[in-house]
Amino acid sequence: MLIKGIQKVTLLDYPGKIACTIFTGGCNFRCPFCQNASLVTHIDDDQILEDDFWQFLEERKGKLDAVCISGGEPCLQKDLKSFIKRIKDMGYLVKLDTNGYMPLVLQDLLTDHLLDYVAMDVKNTKEKYEMTAGVKVDLEKIEKSIDLLKNSLIEHEFRTTIVKDFHTKDDVKAIAKWLYPSRLYLQQFKDSIDVIQKGLTEPSKEELVEMQKEAQQENSQVYLRGI
Ligand code: SF4
């Protein structure tokens, strides 16, 4: 596993649980608004030794409930499955954050009951997916992952990071309809020095509230996060 970073404790990443979050290196998307550009593009820089991570988890038994695996895109890691198995064998819950572009990996993990919670990013409407993911996109793969989660019994959520340059109210409404009846969290894009494309525009809180109201006409489970 290419572990580029670790947040040793978080109350936010896994709903209702005390967790740590690890960040894997590399991604198959290049979302212009990505706030982890250094994880995506500088994968050869320093990494955390896996042995140090296992020792950390050993020491946190009884103090942490769960491990969140985020990125980058964790599904690109060849040893993801054995890595998750080992975490679960230690008694932790596992949450996976993914862009949903490797549905076969997701399916395999779901089939073997290795995930307790999945958060999948849905970048935009089908029509605007490529411009928002920053690469050519085979939409069938995204649709397959969405269907897998919609039809699974495990806890899951979809989330969309709202950037004024990419998302209109109508877009958010269409995304909410696409994901119905699952939960959709709207997250506010925040500009930072680690963004892939500089100069993008943050939506205001009021604009997000308006988008949420419109989207709830299609899907009552649309929520705001982080504002
Ligand atoms: S925001 Fe996009 S580029 Fe960044 S890690 Fe997520 S999927 Fe990859």
Side-chain angles (χ1 to χ4, degrees), residues 1-7 10 12-14 21-48 67-78 80 83 95-106 109 115 117-146 148-149 156-167 171-172 175 178-179 184-203 208 225-227:
M1 282 292 279
L2 178 56
I3 305 174
K4 298 283 294 175
I6 180 163
Q7 186 172 353
T10 168
L12 300 175
D13 288 0
Y14 193 132
T21 298
I22 61 160
F23 300 91
T24 62
C27 189
N28 41 8
F29 283 2
R30 287 292 180 276
C31 312
F33 55 88
C34 178
Q35 287 158 320
N36 290 327
S38 52
L39 289 177
V40 170
T41 54
H42 293 86
I43 56 174
D44 295 329
D45 293 357
D46 293 344
Q47 57 178 286
I48 290 167
V67 177
C68 304
I69 306 176
S70 191
E73 174 48 51
C75 292
L76 289 172
Q77 302 295 318
K78 298 271 180 282
L80 180 64
F83 184 79
K95 170 175 176 267
L96 177 72
D97 292 350
T98 180
N99 62 22
Y101 205 49
M102 299 185 73
L104 296 181
V105 174
L106 180 61
L109 296 172
L115 301 174
Y117 197 112
V118 179
M120 176 179 157
D121 289 345
V122 174
K123 302 295 174 187
N124 210 330
T125 60
K126 297 177 195 182
E127 295 74 21
K128 287 175 143 182
Y129 223 92
E130 287 193 355
M131 69 180 275
T132 319
V135 294
K136 196 155 176 44
V137 172
D138 175 357
L139 263 181
E140 271 186 30
K141 292 184 181 176
I142 299 295
E143 303 225 45
K144 168 99 177 147
S145 290
I146 290 174
L148 278 171
L149 291 176
H156 65 276
E157 66 180 52
F158 296 104
R159 43 192 204 185
T160 302
T161 300
I162 305 294
V163 188
K164 269 186 86 163
D165 311 74
F166 294 112
H167 302 95
D171 293 334
V172 178
I175 297 167
W178 184 14
L179 301 176
L184 169 64
Y185 284 88
L186 306 179
Q187 304 180 151
Q188 184 182 36
F189 163 71
K190 296 234 172 72
D191 204 4
S192 77
I193 50 164
D194 204 22
V195 169
I196 287 184
Q197 183 181 318
K198 309 288 178 232
L200 295 172
T201 321
E202 298 175 6
L208 283 170
R225 177 176 280 148
I227 59 165

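Both counts, for ligands and for their atoms, begin at 1 and track the order of listing.
Close approach to Asn99 involves these atoms of ligand 1, each under 4.0 Å from a residue heavy atom: 7 (S).
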Quiz prompt | Full working for side-chain contact (heavy atoms from CB on, under 4.5 Å) between Trp178 and Thr125 | solution = CA-CA 8 Å; Trp178 184 14; Thr125 60; 5.9 Å; no
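Judged by distance alone, with hydrogens and angles left aside, the side-chain atoms of Glu73 form a donor-acceptor pair with the main-chain N or O of Asn99 at under 3.5 Å. A donor-acceptor contact shorter than 3.5 Å is absent between the side chain of Thr98 and the backbone of Pro74.
Using a 4.0 angstrom heavy-atom cutoff, Asn36 does not count as in contact with ligand 1.
Among protein heavy atoms, the minimum distance from atom 2 (Fe) of ligand 1 is reached at Cys31 SG, 2.3 Å. Nearest protein heavy-atom contact of atom 4 (Fe) of ligand 1 is Cys34 SG, 2.3 Å.
Using cut-offs of 30° and 60° on the angle between ring planes, the pair Phe189 and Phe33 is perpendicular.
Geometric assessment of Lys4 against the ring of Phe23 yields a negative cation-pi assignment under the 6.0 Å and 45° thresholds.
Residue contacts with ligand 1, taken as heavy atom pairs separated by less than 4.0 Å, involve Cys27 solely via side-chain atoms from C-beta onward.
Across Lys123, Glu73, Arg30, heavy-atom proximity to atom 7 (S) of ligand 1 is greatest for Lys123.
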